[in-house]
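We count ligands from 1, going down the list as the structure has it; atoms in each ligand are counted the same way. In this text, all values refer to a predicted model and were calculated from it rather than measured experimentally.
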Amino acid sequence: MTLALGCIADDYTGASDLANTLTRSGLRTVQTIGVPADDLALPEVDAVVVSLKSRSIESDLAVSRSRAAEKWLRGRGASHVLFKICSTFDSTDKGNIGPVMDALRADCGERIVLVTPAFPEVGRTVYMGNLFVGSVPLNESPLKDHPLNPMHDSNLVRVLARQSKTRIGLLDLAVLSRGGGAVRARLADLVGQGVGAAIVDAVFDSDLETIGNVALDHRLSVGASGIGLGLARALVASRKVRPNPSTAMSDAPVGGPAACLAGSCSQATLGQIANAEKTMVVLHLDPERVVAGKEEGRRALAWANERLEQGPVLIASSSTPDQVAALQARHGREAAGHAIEQTMADIAEGLVRSGVRRLVVAGGETSGAVVDRLGIPGFLVGAEIAPGVPVLRAVGGKKGQKESAEQGEMLLALKSGNFGGPEFFSDALKLMR
Ligand code: ADP
């Protein structure tokens, strides 16, 4: 297999967002959790998104993990690698965008890297190197108060220059609007001036297409899902990839019992659970008993095992905000959250052992705990259930434990709390046959 595009994402949900964008643009895409083992068997795909959790860790560690991911992707034939960052350029003067970009650029011998976090469909645009979030500059947006990386400067040429050893330049909209030839000429000028990375303006999807087209001449780019869209469209337009309908890879039915787990306490999820009561049996865990020990998880599994044959089941720990606050006051926020996540992972593991091959999980952290426990190294991205929530087909799996998952015969849907419409659980199961 030769990858048309390799991607390294600096967090899990950003990786899913990119994988979803690439799939919608016609690329068969796998999202892996961490750097895959060398012997991971993958189906024929056009793109792989390696998900790391490297946005806010020590920059040395972010660099070493990203380099390992790049090595794996290049080993699978990726001639272009996109380092996927947040569309609000989340970073500090220490990194990690600059240090990772510098290291990957050195590894692949690229002379000039195209950098843009623009993603117009979600209101992220770049003009004269300044990033706008909706109608306001980055430094006036809510990102100015981000707990980990407050963004106080909207000029990305300055922001990136502070965290990179590379000389940073600007490729502005006036040049971009003149098309690929003008962009290439400007990049050559910048290289002549010793510039090694250029912040590229983009306001419309058509700008991203121009950028994607030019970026394919290079080994490395840096940006958000927007440049992913541009690269994917350029790959399809140049016939380097034959466009694939987004559902093609996820159509083969998996069958078997289906189950849903909800660990999110968001308002949207609470409403979705209430609606699910109409179409499936629902067990509400007693959160106090979950924190007390393993017995509540075992009780839930026994309850599910008696019902799985008759139709889908839903097991929820979700409570209202005042109940959540009361539990946290008694046990501490972290201890309560961790105990519930681990119980959800125990239940997921037991359900899969009982034959469940279609699993829906509500809650970002809850999903992370479940995926890590099931040892699923990656997903093939399929049809979209709701904006940002695709059907996922597991690829690979823990040796000896999930033979079925190893053959790609397990479907998952992982949604962060606020995502999905009122009937999310039944909507998901309708697409997960
Ligand atoms: P979301 O995507 O809505 O943020 P997460 O799964 O990321 O959902 O986070 C929800 C957190 O709340 C998890 O740590 C989960 O274990 C915890 N949790 C779930 N149910 C309860 C409950 N009844 N009381 C307190 N915490 C809970």
For ligand 1, which atoms, with element, lie under 4.0 Å from some heavy atom of E365? 5 (P), 6 (O), 7 (O)

Ligand 1 atoms in contact with S264 (distance to a heavy atom under 4.0 Å): 1 (P), 3 (O), 8 (O)

Counting distance only, does the side-chain N/O of T88 pair as donor-acceptor with the main-chain N or O of D90 below 3.5 Å? no

Short version for L327: what comes under 4.0 Å of ligand 1, heavy atoms counted, is side chain

Starting from atom 16 (O) of ligand 1, which protein heavy atom do you reach first, and at what distance in Å? G337 O, 2.9 Å

Heavy-atom nearest neighbour in the protein, as seen from atom 11 (C) of ligand 1, with distance rounded to 0.1 Å: G263 O, 4.1 Å

Please report the interatomic distance OG(S154) to CD(E140), rounded to the nearest 0.5 Å. 8.0 Å

Answer yes or no: is there a donor N or O on one side and an acceptor on the other, between the side chain of S51 and the main chain of T32, under 3.5 Å? yes

Contacting atoms of ligand 1, where contact means under 4.0 angstrom from a heavy atom of G417: 1 (P), 2 (O), 3 (O)

By number and element, which atoms of ligand 1 are closer than 4.0 Å to a non-hydrogen atom of G364? 1 (P), 2 (O), 5 (P), 6 (O), 7 (O), 8 (O)

Run the contact test for A336 against ligand 1 with a 4.0 Å cut-off on heavy atoms, strictly below, and give the result. no

Residue, atom name and distance, where the atom is the protein heavy atom closest to atom 23 (N) of ligand 1: S319 OG, 2.7 Å

Atoms of ligand 1 under 4.0 Å from any heavy atom of P287, numbered from 1 in the order shown, are 23 (N)

Please determine if K415 has a nitrogen or oxygen closer than 3.5 Å to a nitrogen or oxygen of ligand 1. no

Numbered in order shown, the ligand 1 atoms found under 4.0 Å of a heavy atom of V324 are 24 (N), 25 (C)

E296 side chain to V290 main-chain N or O, any donor-acceptor pair under 3.5 Å? no

Just so I know, are the side chains of T279 and F425 near enough to count as touching, which here means a heavy-atom distance under 4.5 Å? no

Heavy-atom nearest neighbour in the protein, as seen from atom 14 (O) of ligand 1, with distance rounded to 0.1 Å: E341 OE2, 2.5 Å

N/O donor-acceptor pair under 3.5 Å between S354 side chain and N305 backbone: no

Answer yes or no: is there a side-chain heavy-atom contact under 4.5 Å between T166 and R105? yes

To which protein heavy atom is atom 6 (O) of ligand 1 closest, and what is the distance rounded to 0.1 Å? T366 OG1, 2.6 Å

So, the side chain of S91 versus the backbone of F89: is there a donor-acceptor pair under 3.5 Å, distance only? yes

Verify whether one side chain among E209 and S206 offers a donor that lies under 3.5 Å from an acceptor in the other. no

Could you tell me whether the side chain of D207 and the main chain of V203 form a donor-acceptor pair under 3.5 Å? yes

Is a side-chain N or O of K415 found less than 3.5 angstrom from the main chain of G417, in a donor-acceptor match? yes

To the nearest 0.1 Å, how far is atom 20 (N) of ligand 1 from its closest protein heavy atom, and which atom is that? S317 OG, 2.9 Å

So, does Q328 sit close enough to ligand 1 that a heavy atom of it is under 4.0 Å from the ligand? no

Closest protein heavy atom to atom 8 (O) of ligand 1, given as residue, atom name and distance to 0.1 Å: G363 CA, 3.4 Å

Do the non-hydrogen side-chain atoms of P257 and R358 ever get within less than 4.5 Å of each other? no

Atom 4 (O) of ligand 1: any protein heavy atom closer than 4.0 Å: no

Please determine if H338 has a nitrogen or oxygen closer than 3.5 Å to a nitrogen or oxygen of ligand 1. no

Nearest protein heavy atom with distance in Å, relative to atom 21 (C) of ligand 1: I340 CD1, 3.4 Å

